[in-house]
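For reference, the structure discussed in these notes is given below.
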2 protein chains.
Amino acid sequence: MTLKNGVLDPQGKAIGHALNGLGFGSVGEVRQGKVIDLDLNETDATKAKASLKDMCEKLLANTVIEKYEIEIR
Amino acid sequence: MTLKNGVLDPQGKAIGHALNGLGFGSVGEVRQGKVIDLDLNETDATKAKASLKDMCEKLLANTVIEKYEIEIR
């Protein structure tokens, strides 16, 4: 989950400034967000994805200001 | 970045319990971490990766308790 593009992200900005200050001049826009790793007891990838989407909508993400991505490994 | 495997993650545990409570019974172990998206002005993927590793070691990750993964898109 990261904040949507229009939403101000002061934490990301602070990280960007700190990196520039440390000499990483090639760093542009920075966005900070959350990652949630979870073990799912489900063998069907399509079902797993649907279930994860449901979790994001119901609990994990604040969809007013955040966007999310789902990745299955 | 997520906490290393041996490190207690109460936030992850809380998310796991909340998901179980919402009826997502197939959820097992949950770990919560951070994600940092950054635009890098660098065309060479190898150099970009080295530079990102450097940033993680120097500023972004607390390598005592956190592990990190780098992904280039």
Side-chain angles (χ1 to χ4, degrees), chain A residues 1-62 66-73, chain B residues 1-62 66-73:
Chain A
M1 277 144 262
T2 49
L3 290 166
K4 285 184 180 170
N5 280 333
V7 182
L8 217 63
D9 179 6
Q11 206 171 354
K13 279 260 181 299
I15 293 169
H17 280 296
L19 286 172
N20 286 330
L22 279 171
F24 297 103
S26 56
V27 174
E29 176 83 7
V30 182
R31 309 288 285 171
Q32 212 233 289
K34 282 177 288 185
V35 61
I36 296 172
D37 287 346
L38 47 84
D39 294 337
L40 207 59
N41 187 10
E42 173 63 69
T43 47
D44 182 334
T46 319
K47 274 191 202 163
K49 201 156 187 171
S51 165
L52 286 166
K53 190 166 185 294
D54 210 20
M55 289 179 206
C56 285
E57 296 287 339
K58 279 193 185 153
L59 178 76
L60 302 178
N62 176 353
E66 289 174 332
K67 56 185 175 170
Y68 60 85
E69 276 173 44
I70 292 170
E71 197 182 311
I72 293 175
R73 302 189 190 187
Chain B
M1 275 144 263
T2 48
L3 289 166
K4 285 183 180 169
N5 279 334
V7 182
L8 217 63
D9 179 6
Q11 205 170 353
K13 279 261 182 297
I15 293 168
H17 280 295
L19 287 172
N20 285 331
L22 279 172
F24 298 104
S26 56
V27 174
E29 176 83 6
V30 183
R31 310 286 287 170
Q32 212 234 289
K34 283 176 289 185
V35 61
I36 296 172
D37 287 346
L38 46 82
D39 295 336
L40 206 59
N41 187 9
E42 173 65 68
T43 46
D44 181 334
T46 320
K47 273 190 203 165
K49 201 157 188 173
S51 165
L52 286 167
K53 191 166 185 294
D54 210 21
M55 287 178 207
C56 284
E57 296 286 340
K58 279 192 185 155
L59 179 76
L60 303 179
N62 176 354
E66 289 173 333
K67 56 186 175 169
Y68 59 86
E69 275 174 46
I70 292 170
E71 198 184 311
I72 293 174
R73 302 189 191 188

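Residue numbers start from 1 in every chain, and the chains themselves are labelled A, B, ... in the order their sequence lines are given, proteins ahead of strands.
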Rounded distance (nearest 0.5 Å) linking atom CG of A:Leu40 with atom CZ of B:Phe24:
9.5 Å
Worked verdict on A:Glu71 versus B:Glu71 for side-chain contact (heavy atoms from CB on, under 4.5 Å)
CA-CA 13 Å; A:Glu71 197 182 311; B:Glu71 198 184 311; 3.9 Å; yes
Looking only at heavy atoms, what is the nearest atom pair of B:Met55 and A:Leu19, with distance?
CG-CD2, 3.6 Å
In terms of heavy-atom proximity below 4.5 Å to chain B, should A:Ile36 be classed as side chain, backbone, both, or neither?
both
Chain B: which of A:Gln11, A:Arg73, A:Lys58 shares the most heavy-atom pairs with it under 4.5 Å?
A:Arg73
So for A:Thr2, is it side chain, backbone, both, or neither that comes closer than 4.5 Å to the heavy atoms of chain B?
side chain
B:Ile15 versus chain A, the contacting section by heavy-atom distance below 4.5 Å
both
Selection from B:Leu38, B:Val27, B:Asp37, B:Leu60 maximising heavy-atom pairs under 4.5 Å formed with chain A:
B:Asp37
Could you look at A:Glu42 and say if it's the side chain, the backbone, both or neither that has a heavy atom under 4.5 Å from chain B?
neither
Answer yes or no: does atom CG of A:Asp44 have more than 12 heavy-atom neighbours from other residues, nucleotides or ligands under 6.0 Å?
yes
Verify the neighbour count for atom NZ of B:Lys4: are there more than 12 heavy atoms of other residues, nucleotides or ligands below 6.0 Å?
yes
